[in-house]
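Only one structure is covered here, and it is reproduced in the block below.
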Amino acid sequence: MGSTSSHNNEGLGRRDLIKRSAALGLLTVPTMSFLSACASGDSSDNDSVDKGKKTAKNPLGVNESAPLDFVLFDGGFGQQYAKDAVKVYETNYPKATVKFHATQLIQSELQPRFNGGNPPDLIDNSGKEQMDMGVLVGKKQLTDLTPLLDAASADDPNKKVRDTLRPGIVEMGQFDGAPVWILYYAYTVYGTWYSQKLLDSLDAKYPETWDEMLAVCAKAKKKGIAGWTYAGVHPYYIPFSLYPMIGKVGGPEVLDAIDNLEPNAWKHPAVKTCLEAYYELFKKGYILKGTPGLDHIQSQTQWTQGKALFLPNGSWVENEAAKTMPKDFNLAVSAPTGIDSGDKMPFGTIWASGGEPFIVPAKAKNKEGGMEQLRIMLSEASSKNFTQSVKSLTAFNGGTDGIELTPGLKSAVAALEKAGTNVLNPRMQDWYVALQKEKIGVAGLGEMMAGRITPAEAIKRIQGYADEAAKDDSVKKYKHQ
């Protein structure tokens, strides 16, 4: 089936469009950056607490009586897993007082503290108000977590923390060279989520090609079920399935070029093909009516109520949507549907990477305490507690033995096994937060999926945003090594 957004190409298949447009000029010089700083680099000096004595039980040299200030993003994973880890800290350091605070207003509450030189000791920098990681790193606002990674693990004094982590976690925390600025605690599987029960009721299997996707959506529509919904108010959720689709169709180098802010990266034929495929969902009426006005919770609720079949999301959705998800929903996730057998990467190619970015500010009073709290959270016991309570994996490479996996988690593990080495890790949402969310997400993809602009217009608009970012010298740039 040809693209519905280009009348001049109606006789061509999608694969032909890729081949024919490949000569239009692709990718060139790498550059980078974006948007206003979310933290001032002019913070006043702030005295740190005295360091404690390093011992086998205290490898980071934590001051055992120093207070600890911990701010958690109150999102899909809730607060309890962190509260439980705090209790362990308090048990290990009974003279210390831990101030624990959970909020969704990360930037609103913490930017003034950064600017005033009095940030917390440990922050889960996530959610809608996530502070821009690239800006924080570029303005030297973060502590290098290498001492944590090189410290003895909580479970085995002969094994370093870094040796207990899943592949890619350390690299994700690096922006330019050896320092590790961020510890991503959760291990997130992104993709297309659905109810296996609902899919079975349609006598359908998960579609591997886009023509199969359209056929499944058509079958659902006949039964009064929308093919797709998504967080319309926060359309930066769309890339959770779109980005790995682009990588599957065009190869990982296409995503690397986008991350690197290379000229014309968004004009790659694989990007054009995938955006046109998604636009077909709108053109054919396969998007749940009213989706552009729904936030992530509202769209998930419509989805769990069986009003839509597919939802782009991350593995936190099993916990976040638990209140409205029927017991027999049989949650499942799949790698994104591709175009056809001519895709560069096989079906099963998925986006999986660290989530929930924890940081220790450079101006924190108790840096060792912040890192020690993370060391506790990276123990097998804390990891198992997280997995059991929020139905998601952690950065700890293990922690599932003896646990009865929930349907969504079991499906996520199976998806990772199927992917093997075909795991993609786009970095746009880490390197350039505002560009990803406000520009690419809301002003670009969100407008396209709402039918207010065409794929061609979306590509032109997004490439313009990327070019603006590339020319912005106010924020440090990053590049895939």
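Side chains included, hydrogens not; waters and symmetry mates left out as well; all remaining heavy atoms used. On a predicted model such as this, the values are computed, not experimentally measured, just so you know.
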Backbone N or O of [Y] within a donor-acceptor pair of the [X] side chain at under 3.5 Å?
X: N125; Y: M131; answer: yes
X: Q436; Y: V433; answer: no
X: E356; Y: Y185; answer: no
X: N397; Y: T164; answer: no
X: T387; Y: S383; answer: yes
X: E318; Y: L409; answer: yes
X: N260; Y: E262; answer: no
X: Q104; Y: G127; answer: no
X: S195; Y: L331; answer: no
X: E212; Y: E208; answer: yes

Q. Hey, are D430 and R427 close enough for a salt bridge, meaning a charged N less than 4.0 Å from a carboxylate O?
A.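 Between R427 and D430 there is a salt bridge, with a charged N closer than 4.0 Å to a carboxylate O.
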Q.
Between the side chains of K248 and D343, is the shortest nitrogen-to-carboxylate-oxygen separation below 4.0 Å, so that they form an ion pair?
A.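 Salt bridge between D343 and K248, a charged N being under 4.0 Å from a carboxylate O: yes.
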Q: Assess whether side-chain contact (heavy atoms from CB on, under 4.5 Å) is satisfied between K418 and F347, documenting all intermediate values.
A: CA-CA 9 Å; K418 182 176 180 61; F347 177 74; 3.7 Å; yes
Q: Any chance you could lay out the side-chain contact (heavy atoms from CB on, under 4.5 Å) test for I123 and F114, step after step, and finish with the verdict?
A: CA-CA 12 Å; I123 303 168; F114 271 88; 3.7 Å; yes
Nearest heavy-atom pair of [X] and [Y]: which atoms, and what distance?
X: A277; Y: M245; result: CB-CE, 4.0 Å
X: L242; Y: C274; result: CD1-CB, 3.9 Å
X: I238; Y: M449; result: CD1-CG, 3.6 Å
X: W351; Y: L424; result: CD1-O, 3.2 Å
X: T188; Y: G355; result: OG1-CA, 3.8 Å
X: A395; Y: L378; result: CB-CD2, 4.2 Å

Tell me, do [X] and [Y] make a side-chain contact under 4.5 Å, heavy atoms counted?
X: M377; Y: L374; answer: yes
X: S353; Y: Y190; answer: yes
X: I350; Y: P244; answer: no
X: M428; Y: L261; answer: yes
X: V161; Y: F396; answer: no
X: W228; Y: P312; answer: yes
X: W210; Y: Y278; answer: yes
X: I258; Y: P426; answer: no

Q. For N425 and L255, what are the C-alpha separation, side-chain angles and deciding distance, and is it a side-chain contact (heavy atoms from CB on, under 4.5 Å)?
A. CA-CA 9 Å; N425 186 9; L255 295 177; over 6 Å; no
Can you tell me how far apart [atom1] ([X]) and [atom2] ([Y]) are? Round to the nearest 0.5 Å.
X: L122; Y: M371; atom1: CG; atom2: CE; value: 10.5 Å
X: I182; Y: D144; atom1: CD1; atom2: CG; value: 11.5 Å
X: L145; Y: R162; atom1: CG; atom2: CZ; value: 10.5 Å
X: L165; Y: L149; atom1: CG; atom2: CG; value: 6.5 Å
X: T454; Y: K460; atom1: OG1; atom2: NZ; value: 10.0 Å
X: L110; Y: Q130; atom1: CG; atom2: CD; value: 12.0 Å

Is the closest side-chain donor-acceptor distance between [X] and [Y] under 3.5 Å?
X: S315; Y: Y187; value: no
X: N313; Y: Q300; value: yes
X: S126; Y: D124; value: no
X: T192; Y: S334; value: no
X: Q302; Y: T229; value: no
X: T209; Y: D211; value: no

Taking the six-membered ring for Trp, are [X] and [Y] parallel (under 30°), tilted (30 to 60°) or perpendicular (over 60°)?
X: F77; Y: Y81; result: perpendicular
X: F175; Y: W431; result: tilted
X: F329; Y: W303; result: perpendicular

Q. Passes ring-ring contact (aromatic ring centres under 6.0 Å, His included), W193 versus Y237? Steps please.
A. CA-CA 12 Å; W193 294 79; Y237 278 55; over 10 Å; no
Q | Identified side-chain contact (heavy atoms from CB on, under 4.5 Å) counterpart of S299 within the set L311, T291, V233 | A |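 Testing each of L311, T291, V233 against S299, the sole residue satisfying side-chain contact (heavy atoms from CB on, under 4.5 Å) is L311.
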Q) What do the steps show when you test H296 against E320 for side-chain contact (heavy atoms from CB on, under 4.5 Å), and what is the final call? A) CA-CA 10 Å; H296 58 300; E320 192 169 60; 3.7 Å; yes
